[in-house]
Amino acid sequence: MDKTGDVHVKGNQWQRLLRWHRGQKPNEEGEDGAKDEGRRNIILDLKKINWKDWVVDPAEQFYYVWLQVMILPIVYNWVIIILRTCFTTIALSYLPVWLTLDYLSDLMYLLDMIITVHTGYLEQGILIKDLTQLKKHYLHSKHFLRDLVSLLPTDFFYFVFGIQTPLVRINRLLRLPRLSEALDRMETRTSYPNTFRITKLMIYIFVLIHWNACLYFALSNYIGFGSDRWVYPNITNPEFASMRRQYFYCFWFSAQIFTTVGDTPLPKRAEEQLFMIADLLIAVLVFASIVGNVGNVISSLRDRDNVFFPNHELVKAYLRSHHISKELRQRIDDWYQHLHINKKIMRENEILQQLPLHLRTEIAVSVHLPILSKVTIFQNCEKSLLEELVLKLTPQVFSPGEYVCRKGDVGHEMYIIKEGKLAVVADDGVTEFAVLSDGNFFGEISILNIKGNRSGNRRTANIRSIGHSDLFSLSKEDLTDVLSEFPAAKHHLEEKGRQILIKMGMLEESGEGEPKEEEKVETKIKRLETNLEVLQTKLARLMMELESSNRKMQTRVEQLEWEAATLKTQLPKDGEEGETADGRGEGVGGEVQWEREEAEGEEEEGSDAKVNKVGQGEDSNDITKEGDGESTKSTKEDVERTIEGDKSALKDQHDQENEKGMDGDKSQEKDERPGKGDGAEIESEDKTDEKSRERKSEEGSERGEEEKKGNGAEQ
Ligand SMILES: Nc1ncnc2c1ncn2[C@@H]1O[C@@H]2COP(=O)(O)O[C@H]2[C@H]1O
């Protein structure tokens, strides 16, 4: 692939990634194509809807739009019902219009109820879409009762009170909570929440003044138009007869009260005074809420500015109190001015802190991805790494002529140029070695620990901003974190740094560095070999120990067999002597025998241990000692257990044989068949006698030898 083709493919990759982050599908036809496809999808979706099981998700756009639509009938009822009730001329003059609008609003109320039944709700975080459940939920809720009452056909009261009494429709005002739901939704969605809040407040105040105006007109009518200066003038007077004049006069009168202007005629009658008292009390609240809300909006605007831009006032005061030079102060002012004019936001991490991490990442990616896509080292990196990286970037702005770093300083971060031009300059500040621009990076050499870098962690050059420069800084720790997972980028960065160092003659000869590496590898191999030898010796020793303990076990098992056989041979005699003598003799003899054997075992263990200790190397002391101890212990315990088991087995056997013997004598008395069992028993007894004699002679010789050894050792 040629160079341009490569760049094109990369560009597409970045565009696709960017689209993915903006929640769009990659579409080769471009933005318009995507929109058309979106529209087509909506139409297809509408066709596919099964209206019987249709359920509205409260988070989706349709629900939001419907709520906005519902603002109209609710506001209509809140404004017009009272107007028609108090201004009868207005009610009767436009009656067909009012009736049409009334029943249209009723239809919308009905539709709203149907939509509410079909609106899903969350239960344990899951949207319930089952219609029977939804119906049950709505019918049991307090909203249902309110909605139902607000839609009761109270218009039938027209037949009782007459068509000029629209007050019969007062129940329509009960839908007010739906209005506040709609306005709350709008407030969370709008991009201008402060403007929205002020508008909402003004609408509320307008409705309040309107109601007050209507009531004032109704009270004036009750007292009598023009009966004093406070009430509405006589409507027979042509100047005050028109409907428009009537309404505007009353509205103006109310507005004066609620804005606490108070330039209204003095009330004379008790009804008038009561009305004024109530109005003035409400006016205090209204005024307070206006002042409070506007104050809130202003302070939130100031807060926004303070978060978006550093507080210039504070810095100015500080500079003044410390008598900073005029020239420096001017530079600081310029810097602030540049931030404000170009809307450079410096504290984006702080602003976005309240958002969850995944949303913050998406925002950061969509804001900074176009810049990062220009940086060569990050062009092929994985999405997850980019996301990680993008959250660690800190924006910085430098003024013209300002130094970003100076040669010899310790490097703590590297920089990526978002916008602007910077020069690599000599110490005289004039000679330019290179000019860096958008998408370039610098400051990596001093933080990368490049092998052979003579400057170590010091900056190798001065970097000066030519104009205003927008940079991203990336701290050494964050860069190390990212690069540890992304070796290709690390290699690229190091390579670029090495090239610069070679050009500057600041890289130690490659020949000097390599032997050190080789030496390291050799030492490692040697250490590994020594470790292997030690392990082999340990293994051999363990094998030896295993063999010797096997042999010991075999000898002891043989001894036990021999003793068992000896006891068998003694049985006929003992049987004659009686049980007690036999048991005692066996017990004493056995104990003596086992004591001797244990002593032998201990002697042997001791000697083994001595041999081991002599043979152990320095490294393996602990392991071998532990191993020895445990194996010896376990062997000893096993043998003891075997011996005890055998002893009891022998005793049982002996007892059984005694019994058998006695039984045998008895049975012999009964069973008179010749040769039954006797011959065989006598033969076996003879053989065992021979064997036992041989064993005893062997044992005697062994004991003699051991005694000799023991004496020798004592001597
Ligand atoms: N000749 C050069 N061309 C481009 N960049 C350079 C040049 N010399 C130094 N730099 C960059 O300037 C940076 C100064 O700080 P560092 O030494 O950390 O890393 C250095 C390089 O990234």
Side-chain angles (χ1 to χ4, degrees), residues 3 7 368 371-381 385-386 388-390 392-510 512-513:
K3 211 179 172 186
V7 169
H368 303 312
I371 308 301
L372 286 186
S373 63
K374 288 187 203 162
V375 184
T376 41
I377 36 160
F378 303 127
Q379 271 179 353
N380 294 321
C381 72
L385 272 156
L386 256 181
E388 225 176 273
L389 186 80
V390 100
K392 290 169 179 166
L393 298 176
T394 317
Q396 291 196 11
V397 174
F398 288 87
S399 308
E402 214 177 327
Y403 278 85
V404 179
C405 62
R406 284 184 190 270
K407 194 174 173 179
D409 289 351
V410 175
H412 294 293
E413 64 272 282
M414 70 168 282
Y415 299 90
I416 294 165
I417 306 173
K418 187 180 172 191
E419 205 184 331
K421 278 200 160 78
L422 296 109
V424 184
V425 288
D427 289 341
D428 60 7
V430 183
T431 322
E432 286 184 2
F433 298 124
V435 173
L436 308 168
S437 58
D438 302 10
N440 286 154
F441 59 90
F442 62 90
E444 76 290 2
I445 298 177
S446 55
I447 61 171
L448 272 180
N449 296 330
I450 299 172
K451 268 176 216 122
N453 176 9
R454 286 210 182 103
S455 60
N457 61 350
R458 305 271 165 179
R459 297 283 186 203
T460 54
N462 305 300
I463 304 284
R464 192 164 50 86
S465 175
I466 297 173
H468 284 287
S469 326
D470 250 349
L471 309 179
F472 284 127
S473 71
L474 184 63
S475 75
K476 186 176 180 174
E477 292 75 33
D478 289 341
L479 181 74
T480 320
D481 274 3
V482 173
L483 292 187
S484 64
E485 293 166 43
F486 197 47
K490 186 177 182 182
H491 179 75
H492 187 107
L493 270 177
E494 283 183 348
E495 198 45 51
K496 191 212 147 195
R498 216 170 277 132
Q499 296 299 329
I500 294 172
L501 287 170
I502 291 170
K503 251 197 250 167
M504 288 174 159
M506 290 175 79
L507 190 74
E508 278 176 14
E509 290 292 307
S510 58
E512 287 171 33

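Both ligands and their constituent atoms are indexed starting at 1 by order of listing. Below, each value reflects all heavy atoms present in this structure, side chains not excepted, and no hydrogens, waters or symmetry copies.
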Pairs flagged by salt bridge (charged side-chain N to carboxylate O under 4.0 Å, His left out) wherever residues 459-475 is involved - sequence neighbours left out = Lys344-Asp470, Glu413-Arg459
query = Tell me the salt bridge (charged side-chain N to carboxylate O under 4.0 Å, His left out) pairs involving residues 422-447, sequence neighbours left out?
reply = Glu444-Lys496
remark   = To the nearest 0.5 Å, atom CD1 of Ile500 lies from atom CZ of Phe433 at 12.0 Å
task = Could you check whether the rings of Phe472 and His368 sit parallel, tilted or perpendicular, using 30° and 60° as the cut-offs?
result = perpendicular
Please tabulate, line by line, the atom pairs linking an N/O of ligand 1 to a protein N/O at a distance below 3.5 Å, with the distance in Å to 0.1, or answer 'none'.
residue	atom	partner	partner atom	Å
ligand 1	17 (O)	Thr460	N	2.7
ligand 1	17 (O)	Thr460	OG1	2.7
ligand 1	18 (O)	Gly443	O	3.2
ligand 1	18 (O)	Ile445	N	3.4
ligand 1	18 (O)	Ser446	N	2.9
ligand 1	18 (O)	Ser446	OG	2.6
ligand 1	18 (O)	Arg459	NH1	2.9
ligand 1	19 (O)	Gly443	N	3.4
ligand 1	19 (O)	Ile445	N	3.4
ligand 1	22 (O)	Gly443	N	2.9
ligand 1	22 (O)	Glu444	OE1	2.6
ligand 1	22 (O)	Glu444	OE2	3.4

inquiry  = According to side chain to side chain donor-acceptor pair (under 3.5 Å), who are the partners of Thr460, at least two apart in sequence or on a separate chain?
reply    = none
ask   = Should Leu474 and Val482 be marked as a side chain to side chain contact (heavy atoms under 4.5 Å, CB included) after you check the CA-CA gap, both sets of side-chain angles, and the distance that decides it?
value = CA-CA 10 Å; Leu474 184 63; Val482 173; 5.7 Å; no
